[in-house]
**Student:** 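Quick one: the structure is below, questions incoming.
What you see below is based on every heavy atom in this structure, not just the backbone, and it leaves out hydrogens, waters and symmetry mates. Whatever order the structure lists ligands and atoms in, that order sets their numbers, starting from 1.
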Amino acid sequence: MLAPEDDARLAELLASIERQSESFLGYPCTRDFDYSPLFPFLYYPLNNVGDPYVETTFRLNTHEIEREVLSYFQRFTHAPVADTWGYMTNGGTEGNMYGIYLARELLPEGVVYYSEDTHYSVAKILRVLHARNIMIKSLDNGEIDYLDLKETMRVHRDVPPIIFANIGTTMKGAVDDVQRIRNIIKELAIPSCYIHADAALSGMILPFVDDPQPFDFASGIDSISISGHKMIGSPVPCGVVIARKANVERIARSIEYVGTLDTTLSGSRNAITPLFMWYALHAQGEQGFRAIIKRCLEVADYAIEAFAQDGIKAWRNKNSITVVFPRPHAEILKRWQLAVHQDVAHLIAMPHVEQRHIQALLTDIRKFSGGHAAI
Ligand SMILES: Cc1ncc(COP(=O)(O)O)c(C=O)c1O
């Protein structure tokens, strides 16, 4: 039992979170979910320790559900089922670390190439893994600069490239052209390479649009990381990583203590998040997600038009729900929880974002720029 003041503290925190969630426009996390039927699972010390495909002596797990979630993502990313393997991570960052870890084990001499627009966590991952790396320029729309990439790889063509491809950059939602990168590697006659796809948000967008950019195993990637708490939605951060089985087998070690294979980065792993993902994937179905993505893209286009009517140039990349516009007043950033990088800001048309939010944001922008919204 909690003391009354502790109860009051929690109630206050909840009320504040509820209030803040009404102006949550700048980050790629949907608040549209209801997992209350799963709450009884919270009474057990569940743990998905180890490899989801291997039986363990720790039976209070949801490995079977996790494997089903993974098979959805194998389908979404056109991963050959017999030749790929995966697990549920704590989020996009862990999946990216896993991809680069596999690549470095496979190609210890390799150089990791990644663009300026890459998520900030990747520089840290490269330091942790002590992986040789070179940052490549970005184009204005956020894609990697293919000419700079080609010239840099040409200079270092004696070492295998490890491409860290952004499938939807954090700030501009830009998708690096995996096919074009593969062609460059071929033109340079480089015999081996590894391509990891960071598809944190767009990994749950591109499978559901009519004309996706190449991003999947069919386009030649070797691993992919997708966040679960972003487009699918989860009260606890989570994600999925899928990689080629032959590469994973090179790092697998058998551990007697838990009677399983140590193929994952974390030992103890979240067993609740696979339930959230499974629930959402079953409740919505693939058609449901197709409809959700279509609506998000419509809201993004609505925002671009509404901004244009107020004289503000807002834009988005193809198949992206990230709407980029000039950095507004600091008070607007705070009020609407907008992410910024140098002179640009963005809003992300996640499933909970509606036209009324865009209108309310524009009203505030007008207020803070003396009656007219032009920034
Ligand atoms: C492109 C990209 N990669 C990686 C990440 C990190 O993902 P997570 O927050 O799930 O660890 C993000 C987060 O926004 C992202 O936008």
**Student:** Between the main-chain N or O of Thr169 and the side-chain N or O of Asn166, is there a donor-acceptor pair closer than 3.5 Å?
**Tutor:**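 Looks like no, no N/O pair under 3.5 Å.
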**Student:** Do me a favour and list the nearest non-hydrogen protein atom to atom 9 (O) of ligand 1 with residue, atom name and distance?
**Tutor:**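 Ranked first by proximity to atom 9 (O) of ligand 1 is Lys230 NZ, 3.4 Å.
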**Student:** Take Tyr279 and Phe33 through the test ring pair (Phe, Tyr, Trp, His ring centres under 6.0 Å) and record every step on the way to the result.
**Tutor:** CA-CA 10 Å; Tyr279 187 94; Phe33 51 79; over 10 Å; no
**Student:** Measure the CG-CG distance between Asn61 and Leu46 for me, rounded to the nearest 0.5 Å.
**Tutor:**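 Answer rounded to 0.5 Å: 8.0 Å.
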**Student:** May I ask you to list the atoms of ligand 1 that are less than 4.0 angstrom from any heavy atom of Thr170?
**Tutor:**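 So the answer, numbered in order with elements, is 1 (C), 2 (C), 15 (C), 16 (O).
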**Student:** What protein heavy atom sits nearest atom 11 (O) of ligand 1, and how far off is it?
**Tutor:**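 For this ligand atom, the closest protein heavy atom is Thr93 OG1, 2.6 Å.
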**Student:** Judged by non-hydrogen atoms, does Asp198 sit under 4.0 Å from ligand 1?
**Tutor:**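 Yes, that is the case, since the closest heavy atom of the residue is under 4.0 Å from the ligand.
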**Student:** Has ligand 1 got any nitrogen or oxygen that is less than 3.5 angstrom from a nitrogen or oxygen of Ser227?
**Tutor:**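 Yes, since at least one N or O of Ser227 sits under 3.5 Å from an N or O of ligand 1.
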**Student:** Measure from NZ or CZ of Arg75 to the centre of the six-membered ring of Tyr72, then state whether that distance is under 6.0 Å and the direction lies within 45° of the axis.
**Tutor:**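 So Arg75 does make the cation-pi contact.
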**Student:** Measuring from non-hydrogen atoms of Gly168 to any atom of ligand 1, is the shortest distance under 4.0 Å?
**Tutor:**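 Yes, Gly168 has heavy atoms under 4.0 Å from ligand 1.
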**Student:** Is ligand 1 under 4.0 Å from a heavy atom in the side chain of His229, in the backbone, in both, or in neither?
**Tutor:**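 The part of His229 near ligand 1 is the side chain, not the backbone.
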**Student:** If you count the atoms of ligand 1 from 1 in the order shown, which ones are under 4.0 Å from a heavy atom of Gly91?
**Tutor:**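 Counting atoms of ligand 1 from 1, those under 4.0 Å from Gly91 are 10 (O), 11 (O).
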**Student:** Note the single closest protein heavy atom to atom 12 (C) of ligand 1, along with its residue, its atom name and the distance in Å.
**Tutor:**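 Nearest neighbour among protein heavy atoms for atom 12 (C) of ligand 1, to 0.1 Å: His119 CD2, 3.3 Å.
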**Student:** Output the distance between atom CD1 (Ile184) and atom CE (Met153), rounded to the nearest 0.5 Å.
**Tutor:**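 Answer rounded to 0.5 Å: 5.5 Å.
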**Student:** With respect to Gly92, determine whether any N or O atom, backbone or side chain, lies less than 3.5 Å from an N or O atom of ligand 1.
**Tutor:**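 Among all N and O atoms of Gly92, at least one is under 3.5 Å from an N or O of ligand 1.
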**Student:** Against the six-membered ring of Phe208, is Arg290 placed for a cation-pi contact (under 6.0 Å from the centre, within 45° of the normal)?
**Tutor:**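 So Arg290 doesn't make the cation-pi contact.
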**Student:** Can you tell me how far the NZ atom of Lys124 sits from the CE atom of Met97, to the nearest 0.5 Å?
**Tutor:**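 Answer rounded to 0.5 Å: 8.0 Å.
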**Student:** Within the 4.0 Å heavy-atom shell around Asn96, which atoms of ligand 1 are there?
**Tutor:**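 Those atoms are 4 (C).
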**Student:** Determine whether a donor-acceptor pair (N or O, by modelled atom type, separation under 3.5 Å) exists between the side chain of Asn47 and the backbone of Arg269.
**Tutor:**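 Yes; judged by distance alone, with no hydrogens or angles, the pair exists.
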